[in-house]
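Report on the following structure.
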Amino acid sequence: MIESKIVDPYVESYIKTLVPTHTGLLGALEVYAEEHHVPIVQSEIAQYLKVMLKIKQPRAILEIGTAIGYSASLMALEMQSGIIETIELKEEMYQKASETFAELKSIAPRVEVIQHLGDAAEVLQTLNGKYDMIFIDAAKGHYKAFFDLCYPMLKDEGIIVSDNVLYKGMIATNEYLVRRKITIVKRMRKYLAFLTTHPELETTVLPMGDGLAISIKKGGHA
Ligand SMILES: C[S@@+](CC[C@H](N)C(=O)[O-])C[C@H]1O[C@@H](n2cnc3c(N)ncnc32)[C@H](O)[C@@H]1O
């Protein structure tokens with residue numbers, strides 16, 4: 001296991017032992033991701049998303065960063081019914097995710113998954129949905145740009161979840177900084193400062209996985 005430098009490794013390992021294991025589609029995708037080195041949400045983040053979806057019960061989700069369709073499938077399986085739109089830049093990931101969603105259809109028939117292939121910075125400009133939840137899990141240096149494009153599509157009291165915001169411990173301290181990542185790190189620090197001071201949002205940053213920011217649009221409530 002790669003040390004995250006965010007949580008003490010022994011705590012992280014322990015928490016991972018408490019996360020229920022998946023069989024079926026999700027279990028198979030976890031194996032595929034491991035074998036093909038595809039970055040998918042860490043197990044404790046997956047579990048967090050499940051709990052959050054049970055509480056929030058979103059009907060419309062927008063995801064930036066499909067990869068092989070793991071997190072989208074996990075979320076679809078938590079929804080009674082609804083729609084997930086998901087954006088992926090890489091053709092081969094998009095194709096593998098198509099296979100995933102074909103299989104998902106038989107186990108989550110009331111959730112419609114709409115895939116978009118392309119750079120989220122472009123695709124987002126073509127969307128006009130309204131979403132209860134937006135999951136940002138793609139190019140870390142572009143979160144602010146993604147946010148600016150998708151925020152107008154977030155419903156009042158909707159939630160934006162941004163993954164990897166503590167990026168291997170590099171965001172919180174220069175001690176772990178890898179020099180070639182400096183632009184991403186600077187941008188992520190700016191993004192977190194922006195999110196946490198945004199007048200319409202209430203945000204919490206959780207030191208779990210690679211760091212997770214949860215922001216809720218207050219929608220008129222102070
Ligand atoms: C961490 S993976 C997503 C994992 C997925 N959410 C999951 O947990 O199953 C990030 C994905 O974002 C995609 N990506 C990177 N930059 C992107 C962009 N500008 N627009 C759309 N997708 C992008 C990558 O190709 C990669 O597949």
Side-chain angles (χ1 to χ4, degrees), residues 2 4 6 16 19 22 24-53 58 61-79 84-104 108 111 113-127 131 133-150 153 159-168 170-171 181 183-184 187-188 191 206 208-214:
I2 301 164
S4 75
I6 291 167
K16 283 185 193 293
V19 175
H22 294 126
L25 177 64
L26 294 179
L29 289 173
E30 287 164 11
V31 171
Y32 182 96
E34 176 86 30
E35 285 175 355
H36 295 82
H37 310 289
V38 178
I40 58 171
V41 283
Q42 296 187 31
S43 58
E44 62 273 39
I45 302 289
Q47 187 62 17
Y48 178 86
L49 287 176
K50 278 196 198 176
V51 172
M52 206 182 74
L53 261 72
I61 297 177
L62 173 63
E63 175 181 71
I64 304 173
T66 319
I68 57 174
Y70 176 76
S71 51
S73 298
L74 178 111
M75 294 190 287
L77 290 166
E78 283 305 317
M79 294 166 92
I84 299 183
E85 293 199 48
T86 182
I87 309 171
E88 174 55 48
L89 179 66
K90 292 188 189 150
E91 172 91 41
E92 72 270 24
M93 291 287 178
Y94 174 91
Q95 294 302 344
K96 172 65 186 164
S98 297
E99 292 169 23
T100 300
F101 299 140
E103 208 175 322
L104 179 70
V111 179
V113 179
I114 300 175
Q115 285 183 268
H116 300 276
L117 174 63
D119 186 339
E122 286 163 21
V123 174
L124 285 168
Q125 298 183 49
T126 68
L127 303 183
Y131 305 97
M133 180 177 158
I134 298 175
F135 182 40
I136 305 180
D137 188 21
K140 288 176 269 295
H142 299 281
Y143 276 22
K144 174 64 165 59
F146 296 154
F147 176 97
D148 288 344
L149 290 166
C150 66
M153 296 187 275
I159 290 174
I160 296 197
V161 178
S162 310
D163 197 15
N164 306 108
V165 295
L166 296 176
Y167 196 23
K168 299 182 176 159
M170 290 191 278
I171 308 302
K181 301 288 185 189
T183 304
I184 293 177
R187 286 184 182 178
M188 191 59 91
Y191 178 63
L206 302 176
M208 94 185 342
D210 201 23
L212 201 65
I214 319 292

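Only heavy atoms go into these numbers, but all of them, side chains included; no hydrogens, no water, no symmetry mates. Atoms within each ligand, like the ligands themselves, are counted from 1 in listed order. Because the structure is predicted, anything quoted here is derived from the model rather than measured.
- Pairing each heavy atom of Ile68 with each of Thr100, the nearest pair is O-OG1, 2.7 Å.
- Looking at Glu63 and Ser71, their side chains do bring a donor and an acceptor atom within 3.5 Å of each other.
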Are there any protein N or O atoms under 3.5 Å from the N or O atoms of ligand 1? List them with distances, or say none.
| unit_1 | atom_1 | unit_2 | atom_2 | d |
| --- | --- | --- | --- | --- |
| ligand 1 | 6 (N) | Gly65 | O | 2.8 |
| ligand 1 | 6 (N) | Ser71 | OG | 2.8 |
| ligand 1 | 6 (N) | Asp137 | OD2 | 2.8 |
| ligand 1 | 8 (O) | Val41 | N | 2.9 |
| ligand 1 | 8 (O) | Ser71 | OG | 3.2 |
| ligand 1 | 9 (O) | Ser71 | N | 3.0 |
| ligand 1 | 9 (O) | Ser71 | OG | 3.3 |
| ligand 1 | 19 (N) | Asp119 | OD1 | 2.9 |
| ligand 1 | 20 (N) | Ala120 | N | 2.8 |
| ligand 1 | 22 (N) | Leu89 | N | 3.2 |
| ligand 1 | 25 (O) | Glu88 | OE2 | 2.6 |
| ligand 1 | 27 (O) | Glu88 | OE1 | 2.8 |
| ligand 1 | 27 (O) | Glu88 | OE2 | 3.2 |

- Verdict with reasoning, Leu74 to Leu49, per side chain to side chain contact (heavy atoms under 4.5 Å, CB included): CA-CA 8 Å; Leu74 178 111; Leu49 287 176; 4.0 Å; yes
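- The cationic group of Lys140 lies under 6.0 Å from the six-membered ring centre of Tyr167 and within 45° of the ring axis, placing it in a cation-pi geometry.
- Using modelled atom types and a 3.5 Å distance limit, the side chains of Gln95 and Glu91 yield a donor-acceptor pair.
- The side-chain hydrogen bond (donor to acceptor under 3.5 Å, both in side chains) pairs that include a residue from residues 31-41 number zero, where partners must be two or more places apart or lie in different chains.
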